[in-house]
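Below is one structure, written out as structure tokens; comments come after it.
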Amino acid sequence: QVQLVESGGGLVQAGGSLRLSCVASGRPLHGYGMGWFRRAPGKDREFVAAITRDSDETVYFDSVKDRFTISRDNAKNTAYLHMNNLKPEDTAVYYCAADRLGPGFSSRITSRASEYDYWGQGTQVTVSS
């Protein structure tokens, strides 16, 4: 079992920045691919970004490319989402998720929520115009 706890959300003006953190406990994070998702009011959950276990590959949702950066520090059991130039449409609850990697899947990276095994409770990000 892996427990994930997000932090770093808050209220920020458009154009501002936030850094979200996701701290894992229970198992070493290096055995998991990591992803960030978000759910805006009245909308479905959507993929934001993902990173491989060794940080050698990242993938982003088109609307956040060049503004958001996903990273991880396996020694600290923590994943991050750096968000710059925030827009009101980025307002959502942000969730981190862990994809348990079995043999032969160590380099997997996925945007599919169904592939992730563990989820945090979420952190609210509100961007004012």
Side-chain angles (χ1 to χ4, degrees):
Q1 282 280 359
V2 173
Q3 292 79 43
L4 303 173
V5 178
E6 302 96 336
S7 63
L11 173 65
V12 64
Q13 288 188 329
S17 299
L18 285 174
R19 186 184 77 163
L20 305 184
S21 299
C22 173
V23 178
S25 61
R27 293 286 177 92
L29 199 59
H30 67 74
Y32 299 83
M34 296 299 296
W36 286 92
F37 292 77
R38 65 188 181 186
R39 187 190 299 273
K43 295 186 177 181
D44 292 333
R45 179 177 55 191
E46 66 180 9
F47 168 75
V48 176
I51 188 168
T52 52
R53 60 175 285 180
D54 295 324
S55 301
D56 53 355
E57 186 178 353
T58 57
V59 63
Y60 297 91
F61 184 50
D62 283 349
S63 72
V64 307
K65 281 181 182 177
D66 301 323
R67 298 190 298 121
F68 290 11
T69 302
I70 187 172
S71 63
R72 63 191 293 167
D73 185 337
N74 288 341
K76 295 182 178 180
N77 254 23
T78 303
Y80 303 97
L81 185 67
H82 304 255
M83 305 185 295
N84 297 318
N85 191 22
L86 282 159
K87 303 176 180 180
E89 52 264 41
D90 295 318
T91 294
V93 177
Y94 283 72
Y95 301 89
C96 69
D99 170 22
R100 186 176 58 234
L101 301 172
F105 294 92
S106 60
S107 61
R108 182 165 72 185
I109 187 168
T110 179
S111 61
R112 297 169 62 180
S114 60
E115 300 281 6
Y116 289 85
D117 303 286
Y118 303 101
W119 294 80
Q121 293 300 306
T123 185
Q124 176 71 48
V125 172
T126 303
V127 185
S128 64
S129 57

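By convention here, the first residue in the shown sequence is residue 1. Side chains are part of it too, since the values below use all heavy atoms of this structure and drop only hydrogens, waters and symmetry mates.
Counting heavy atoms of neighbouring residues, nucleotides and ligands inside a 6.0 Å radius, atom CZ of R108 exceeds 12 of them. For R67, the CZ atom is densely surrounded, since the number of other residues' heavy atoms within 6.0 Å is greater than 12. Within a 6.0 Å radius of CG in D56, more than 12 heavy atoms belonging to other residues, nucleotides or ligands are found. By the neighbour-count criterion of 12 heavy atoms within 6.0 Å, atom CD of Q3 is densely surrounded, having more than that number from other residues, nucleotides or ligands.
We find the CZ-CG distance between F68 and L20 to be 8.0 Å, quoted to the nearest 0.5 Å.
Side-chain atoms of Y118 and R100 form a donor-acceptor pair, as typed in the model, at a separation below 3.5 Å.
Legend: side chain to side chain donor-acceptor pair (under 3.5 Å) pairs involving residues 4-19, not counting sequence neighbours, sorted by first then second residue: S17-N84.
Using cut-offs of 30° and 60° on the angle between ring planes, the pair F37 and Y116 is perpendicular.
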Exercise. Given the rule in the side chain to side chain donor-acceptor pair (under 3.5 Å) test, do Q124 and T126 qualify, once you have shown the distances and angles that lead to the verdict?
Worked result: CA-CA 6 Å; Q124 176 71 48; T126 303; 3.3 Å; yes
Exercise. Does the pair K65 and D62 meet the rule for a salt bridge (charged side-chain N to carboxylate O under 4.0 Å, His left out), with working shown?
Worked result: CA-CA 5 Å; K65 281 181 182 177; D62 283 349; 3.2 Å; yes
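N74 places no side-chain N or O within donor-acceptor distance of the main-chain N or O of D54, the cut-off being under 3.5 Å. At distances below 3.5 Å, at least one donor-acceptor pair connects side-chain atoms of R72 with backbone N or O atoms of L29. Remark: the backbone N or O of V127 is paired with a side-chain donor or acceptor of T91 at under 3.5 angstrom. Side chain of T52 to main chain of E57: a donor-acceptor pair is present (N/O by atom type, distance under 3.5 Å, no hydrogens or angles). For the pair Y32 (side chain) and D117 (backbone), a donor-acceptor distance under 3.5 Å is absent. Remark: side-chain polar atoms of N77 are paired, donor with acceptor, to backbone N or O of A24 under 3.5 angstrom. Formation of a donor-acceptor pair under 3.5 Å by the T78 side chain with backbone atoms of K76 is found in this model.
Of all the heavy atoms in T69 and Y60, the pair that sits closest is CA-OH, 3.3 Å.
S63 meets the side-chain contact (heavy atoms from CB on, under 4.5 Å) test with R38, F61; sequence neighbours excluded.
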